[in-house]
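The basis for the numbers below is simple: all heavy atoms, side chains too, and nothing from hydrogens, waters or symmetry mates. We number each residue from 1, following the sequence as shown.
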Amino acid sequence: MSRLHIVHTTRYSYNHRVTLSYNEARMTPVTDPQQVVLESVLKVKPSQAGVSSYRDYWGTKVTAFDMQTPHEELEVSAHSTVEVHRPDRSLHEARMVSWSDLASAKTQEAFSDWLPQTRLSTCGVEVEELVREVVGEKDPHSSALAVFEWMRGEMEYVKGITGVHTSAQEAWLERKGVCQDLAHVGIGALRSMNIPARYVSGYIHPQADAEMGQIVSGQSHAWLEWWDGEWRSWDPTNHKAAGDLHVSVARGRDYRDVPPLKGILSGGGGSTLQVTVEVTRLA
């Protein structure tokens with residue numbers, strides 16, 4: 001179990017004055033069976049913003065705000081304290097399904113959101129053929145683990161090669177990318193086998209040996225979850241299941257369902273973006 005305090009700040013400095021903007025922030029962690037949000041507040045500057053919130057289709061808390069007064073800078077800061085407890089799921093405790101179970105009409109209907117490929121998860125014919133070779137005659141659970149191990153030898157974590165709109169197929173051609181690219185490739189590979197898979201955005205504490213109360217520079221992070229009788233997680237960047245230092249914020253089909261901050265504006269003429277994430281382990 002861990003208790004983490006997270007401060008995620010995004011600041012836009014505009015080249016020219018913005019006269020009007022409408023925005024959505026997905027920066028509030030979710031409470032689910034594996035984590036509990038103890039405290040969460042989102043602050044917007046300038047403070048004249050009109051703020052409201054709602055749950056989107058995927059269950060993510062969305063903070064919507066509009067700025068109708070001229071401004072040259074926008075700052076959104078999310079402060080959250082989360083208690084995380086992700087129990088280990090050994091194979092002896094696993095409830096695993098067969099390929100025929102996955103192909104059944106009941107499963108196809110129940111997981112209809114998580115089976116179709118999207119523009120960002122489509123990985124291309126080459127990956128689909130390689131995945132079939134890797135999987136062979138394995139069951140769905142073993143197939144997913146084999147795919148993750150195969151990805152580990154094929155994909156390299158490298159910053160600056162891709163962007164937020166890079167597809168799995170484009171990342172595969174480079175054999176490089178960041179956490180969201182690795183998650184998209186993994187999701188696309190699983191869906192190509194008819195295994196339900198979804199994208200998870202959140203945070204990760206990068207220093208397991210950090211002292212309690214020590215503020216460290218963290219990062220926004222992405223990993224995936226797949227279903228083979230129950231939902232399981234995998235962090236392809238770190239080659240392991242999500243643990244007590246992972247904090248989930250949003251789930252969706254791909255990155256486009258979960259961006260931390262998006263909006264439209266009038267004016268600006270371009271901007272400079274600064275993002276910081278500070279993580280403190282409290283317990």
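- Of all the heavy atoms in S21 and L265, the pair that sits closest is CB-CB, 3.7 Å.
- A salt bridge does not link R11 to E72: none of the charged nitrogens lies less than 4.0 Å from a carboxylate oxygen.
- The shortest distance between side-chain heavy atoms of L38 and R3 falls below 4.5 Å.
- For the residue pair R86 / S248, a side-chain donor-acceptor distance below 3.5 Å is found, with atom types taken as modelled.
- Side chains of T60 and R55: a donor-acceptor N/O pair is absent below 3.5 angstrom, by distance only.
- Side-chain contact check for D113 and Y57: at least one donor-acceptor pair (N or O, by modelled atom type) lies under 3.5 Å.
- Applying the ring pair (Phe, Tyr, Trp, His ring centres under 6.0 Å) test to pairs two or more places apart or on separate chains, none has a residue in residues 22-45.
- In this structure, R251 pairs ionically with E225, as a charged nitrogen and a carboxylate oxygen lie closer than 4.0 Å.
- Judged by distance alone, the side chain of Q117 and the main-chain N or O of G188 form a donor-acceptor pair under 3.5 Å.
- Within the 4.5 Å cutoff, no side-chain heavy atoms of S13 are placed close to those of Q274.
- Remark: the backbone N or O of S167 is paired with a side-chain donor or acceptor of E170 at under 3.5 angstrom.
- Minimum interatomic distance between A183 and P236 (heavy atoms only, all atoms of both residues): N-CG, 3.9 Å.
- Relative to the six-membered ring of W58, R198 misses at least one condition, a distance below 6.0 Å or an angle of at most 45° to the axis.
- The distance from the CG atom of D254 to the OG1 atom of T118 is 3.5 Å, given to the nearest 0.5 Å.
- Contact of the P259 side chain with the V164 side chain is not registered, since no non-hydrogen atoms from C-beta on lie closer than 4.5 Å.
- No donor-acceptor distance shorter than 3.5 angstrom exists from the side chain of H16 to the backbone of Y14, with no hydrogens or angles considered.
- Under the 4.5 Å side-chain heavy-atom criterion for Ile, Leu, Val, Met, Phe, Trp and Tyr, V178 and I161 are members of distinct hydrophobic clusters.
- The side-chain heavy atoms of F111 and W227, taken from C-beta on, include a pair separated by under 4.5 Å.
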| query | Can T10 and L273 be said to form a side chain to side chain contact (heavy atoms under 4.5 Å, CB included), step by step? | reply | CA-CA 7 Å; T10 301; L273 173 64; 3.6 Å; yes
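- Closest non-hydrogen pair, L282 versus M212, comes out as C-SD, 4.0 Å.
- F65 and V249 fall within the same hydrophobic cluster, where Ile, Leu, Val, Met, Phe, Trp and Tyr residues are linked whenever their side-chain heavy atoms come under 4.5 Å apart, directly or through other members.
- Between G269 and N15, the shortest heavy-atom contact is O-ND2, 2.8 Å.
- Side chain of E128 to backbone of C123: no donor-acceptor contact under 3.5 angstrom is found.
- Under a 3.5 Å cut-off, the side chain of E154 and the backbone N or O of M151 do not form any donor-acceptor pair.
- Under the 4.5 Å side-chain heavy-atom criterion for grouping Ile, Leu, Val, Met, Phe, Trp and Tyr, V76 is connected to V275 within one hydrophobic cluster.
- Counting side-chain heavy-atom gaps under 4.5 Å among Ile, Leu, Val, Met, Phe, Trp and Tyr, the cluster of V62 also holds Y54.
- Note that OG1 of T237 is 8.0 Å distant from CD1 of I204, once rounded to the nearest 0.5 Å.
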| Could you go step by step and tell me if D66 and N23 meet the side chain to side chain contact (heavy atoms under 4.5 Å, CB included) rule? | CA-CA 6 Å; D66 59 90; N23 310 273; 5.9 Å; no
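- Residues V51 and T63 form a side-chain contact, since some pair of their non-hydrogen atoms from C-beta on lies under 4.5 Å apart.
- With values rounded to the nearest 0.5 angstrom, S2 atom OG is found 5.0 Å from R281 atom CZ.
- When atom types are taken as modelled, the side chain of S80 and the backbone of I6 share no donor-acceptor pair closer than 3.5 angstrom.
- A distance of 9.0 Å separates CZ in R256 from NE2 in H165, rounded to the nearest 0.5 Å.
- Between the side chains of T166 and D181, not a single donor N or O lies within less than 3.5 Å of an accepting N or O.
- Pairing each heavy atom of P29 with each of V37, the nearest pair is O-CG2, 3.3 Å.
- Between the side chain of S143 and the backbone N or O of D139, at least one donor-acceptor pair lies under 3.5 Å.
- A donor-acceptor pair under 3.5 Å is absent between the side-chain atoms of Q34 and the main chain of G243, judged by distance alone.
- No side-chain heavy atom of R191 sits under 4.5 Å from any side-chain heavy atom of L115.
- Separation of atoms OG1 (T280) and NE2 (H5) is listed at 6.0 Å; rounding is to 0.5 Å.
- V200 and V36 are assigned to two separate hydrophobic clusters, defined by single-linkage of ILVMFWY side chains at heavy-atom distances under 4.5 Å.
- Judged as a ring pair (Phe, Tyr, Trp, His ring centres under 6.0 Å), the pairs with a partner in residues 174-209 (not counting sequence neighbours) are, in order, H8-Y203, H184-Y199.
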| request: Take D56 and R26 through the test salt bridge (charged side-chain N to carboxylate O under 4.0 Å, His left out) and record every step on the way to the result. | output: CA-CA 10 Å; D56 67 13; R26 289 170 171 81; 3.2 Å; yes
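- Of the inter-residue distances, the one linking F148 atom CZ with L224 atom CG reads 5.0 Å to the nearest 0.5 angstrom.
- Between E39 and V82 there is no side-chain heavy-atom pair separated by less than 4.5 Å.
- In this structure the side chain of M96 reaches within 4.5 angstrom of the side chain of R232, judged on heavy atoms.
- Closest approach of V147 and A189 over heavy atoms only: CG1-CB, 3.8 Å.
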| task | With side chain to side chain donor-acceptor pair (under 3.5 Å) as the test, would you mind laying out the steps for H85 and D244 before giving the verdict? | result | CA-CA 6 Å; H85 180 221; D244 289 350; 5.5 Å; no
| field | Audit row: Q219, V277, side chain to side chain contact (heavy atoms under 4.5 Å, CB included) steps and yes/no | value | CA-CA 5 Å; Q219 55 188 304; V277 177; 5.5 Å; no
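- N238 places no side-chain N or O within 3.5 Å of a backbone atom of D235 that could act as its donor or acceptor partner.
- Ring geometry, H141 versus W226: the interplanar angle falls from 30° to 60°, so the pair is classed tilted.
- Applying side chain to side chain contact (heavy atoms under 4.5 Å, CB included) to T9 and the options H79, E75, E278 leaves one that passes, E75.
- For R17 (side chain) and G267 (main-chain N/O), no donor-acceptor pair under 3.5 Å exists by modelled atom type.
- A donor-acceptor contact closer than 3.5 angstrom is absent between the side chains of D209 and Q207.
- In this structure, R175 is positioned above the aromatic face of W172, its NZ or CZ under 6.0 Å from the six-membered ring centre and within 45° of the axis.
- With respect to K106 and D101, no salt bridge is recorded, no charged nitrogen being found less than 4.0 Å from a carboxylate O.
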| side chain to side chain contact (heavy atoms under 4.5 Å, CB included) assessment of V247 paired with V84 | CA-CA 7 Å; V247 174; V84 186; 4.0 Å; yes
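- L20 and L74 fall into different hydrophobic clusters, where Ile, Leu, Val, Met, Phe, Trp and Tyr are joined by side-chain heavy atoms under 4.5 Å apart, directly or via other members.
- Taking the six-membered ring where tryptophan is involved, the planes of W223 and H246 are perpendicular, since the angle between them exceeds 60° and thus also 30°.
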